[in-house]
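Here the structure is laid out as structure tokens; the discussion comes afterwards.
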Amino acid sequence: MWTKEDLTKTIQKNLKGYKFIIASNKEPYMHEYKGKDIKCIKTVSGLTIALDPVMEAAGGIWIAWASGNADKDTVDENNCVKVPPDNPRYTLKRLWLSKEEEEGYYYGYSNQAIWPLSHIAYEKPIFLKEHWQIYKKVNQYFARAVLEEIGNDKAFVWLQDYHLTLAAKYIKEQRPDAIVAMFWHIPWPNPEAFRICPHKKEILAGLLSCDLLGFHIRYHCINFMDTVDFELEAKTDYEENSVIYRDHKTLIRPFPIGVDFEGISQNAKSQEVKSAIDNLTSQIPPPYEVLALSVDRVDYTKGILERLKAVDRFLQKYPEYQKRFVFYQVGALSRIHIQTYKDLINKVQELAEEINWKYKSGNWYPIVLNNKGIDYEQHLALYRSADLCIVSSLHDGMNLVAKEYVAANVDLKGTLVLSQFTGSARELSKGAILINPYDFDSTADAIKKAIQMPREEKVERMRRLRNNIAERNIYRWAGKVISNLARL
Ligand code: G6P
């Protein structure tokens, strides 16, 4: 099993003499005013949680958009702050965007064009010229910040995700010697889906400025290469998994991302988590015997409405579970200035209320919605307490909630119900119960199966899942990317 120390050694061996720079839209830590005090908050997203331990091992510089209202008051003259706050291990360099830039680059092109374009969730992308212009400008800002940090040194630059498709091109124009990798955290669609994008050629050319381009699964690598074949005059090599475009070669590789299995398992056993479990019990409407859980950002790709409909179907089809079953949905709010997200928040609320009204009896009701945001210990408390965790994404690059749930399941008592349209279903099919989230009826049956499964089978499945996730952890993922980079 890869450890943090192994990763540190790999980095020291392979990145000797090079600066290590990561850039992503989201920052791993934000500073927020709480009254007059400033609080440092660890941001919650699969990407930042996965990369934070990697950066702790690597040191280096992480460049990201500043999103906290006290961010400006906590940086030095180079816009940098050392993090994590309790035990600083790396530098966070913040980048400021105006409201107009935030609107065009983040809410606009990133999340209303590329996000729906890449996920097959039947939400139409919106391509606006004004958003695209600002998106390009902000990608230049990121490239400029990276170039500033490179200075006269040699550097490995690791870009993250769909917000930064053009940054590699701008970096390479100035510093062709910099080694640039990009990891795409979401699915890559098939060529038919991608061809509707008016800026497709520029996006592909931007990505093909990277030396290494990583996706979670081989299927997305193939989709990407097929898209290039379809759209550009480039040489794709399916043996080597590479593309040559304008005399530059990009290696295309699958790197299925993992979680800090050991860290999560240890923390799940902590005293703080045990106390959080006690607090949690008081929030769940009694009486109940079975607790089902989902944890997501409220996003149409996550299949939250489909999941609620499946819970409804379950209670209708198997009425013996009324007053015995509670479904707890943690829904973190994000991208709330986009109309589709606003509408979804309302629809989730309305549907949950409707279902609760239908089945409510005495103090008991079946669905608890928590949109208030919960801390790390409460997350782990929920993971440890839930008899089953339902991940019903309509399409997902990997889905790290599935892996976190397993890592926190130290008592081996939980069951994972997992959408077959997630990247993680490719790795976890042996232990999880796979579902098609569009099919409410079979999801309802899967919930019943998870509850009624004999204890020995539950333990056996969970043990398999844990072995898989322990081995393919976050340190191995980062180690593999870095070893591949070093070979360049
Ligand atoms: C997905 C994306 C990440 C993003 C996260 C949170 O996991 O792949 O790049 O940071 O969602 O999205 P948000 O828009 O809230 O930052």
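Both ligands and their constituent atoms are indexed starting at 1 by order of listing. Atoms considered below: every heavy atom in the structure, side chains included; atoms not considered: hydrogens, waters and symmetry mates. What you see is a predicted model; the values in this text were computed from it and never measured.
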| query | Per the side chain to side chain contact (heavy atoms under 4.5 Å, CB included) rule, which among D71, T74, D52 passes with Y29? | reply |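 Answer after filtering D71, T74, D52: D52.
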
| Could you go step by step and tell me if M30 and C40 meet the side chain to side chain contact (heavy atoms under 4.5 Å, CB included) rule? | CA-CA 6 Å; M30 64 197 250; C40 182; over 6 Å; no

| task | Report the residue from E202, E130, E101 that forms a salt bridge (charged side-chain N to carboxylate O under 4.0 Å, His left out) with K136. | result |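 Exactly one option meets the salt bridge (charged side-chain N to carboxylate O under 4.0 Å, His left out) with K136, and it is E202.
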
Any protein N or O within less than 3.5 Å of an N or O in ligand 1? List each pair with its distance, or say none.
unit_1   : atom_1 : unit_2 : atom_2 : d
ligand 1 : 8 (O)  : D161   : OD2    : 2.6
ligand 1 : 9 (O)  : D161   : OD2    : 2.4
ligand 1 : 11 (O) : R335   : NH2    : 3.4
ligand 1 : 12 (O) : R335   : NH2    : 3.0
ligand 1 : 14 (O) : Y106   : OH     : 2.5
ligand 1 : 14 (O) : R335   : NE     : 2.7
ligand 1 : 14 (O) : R335   : NH2    : 3.2
ligand 1 : 15 (O) : K26    : NZ     : 3.2
ligand 1 : 15 (O) : S334   : OG     : 3.3
ligand 1 : 16 (O) : K26    : NZ     : 3.1

| field | For D161, all residues meeting salt bridge (charged side-chain N to carboxylate O under 4.0 Å, His left out), sequence neighbours excluded | value |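 With sequence neighbours excluded, D161 shows a salt bridge (charged side-chain N to carboxylate O under 4.0 Å, His left out) to no residue whatsoever.
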
| Residues E231 and K200 bridged, charged N to O under 4.0 Å | yes

| K302 and D396: salt bridge (Lys or Arg N to Asp or Glu O under 4.0 Å), yes or no, with the steps? | CA-CA 8 Å; K302 302 293 179 187; D396 219 326; 3.2 Å; yes

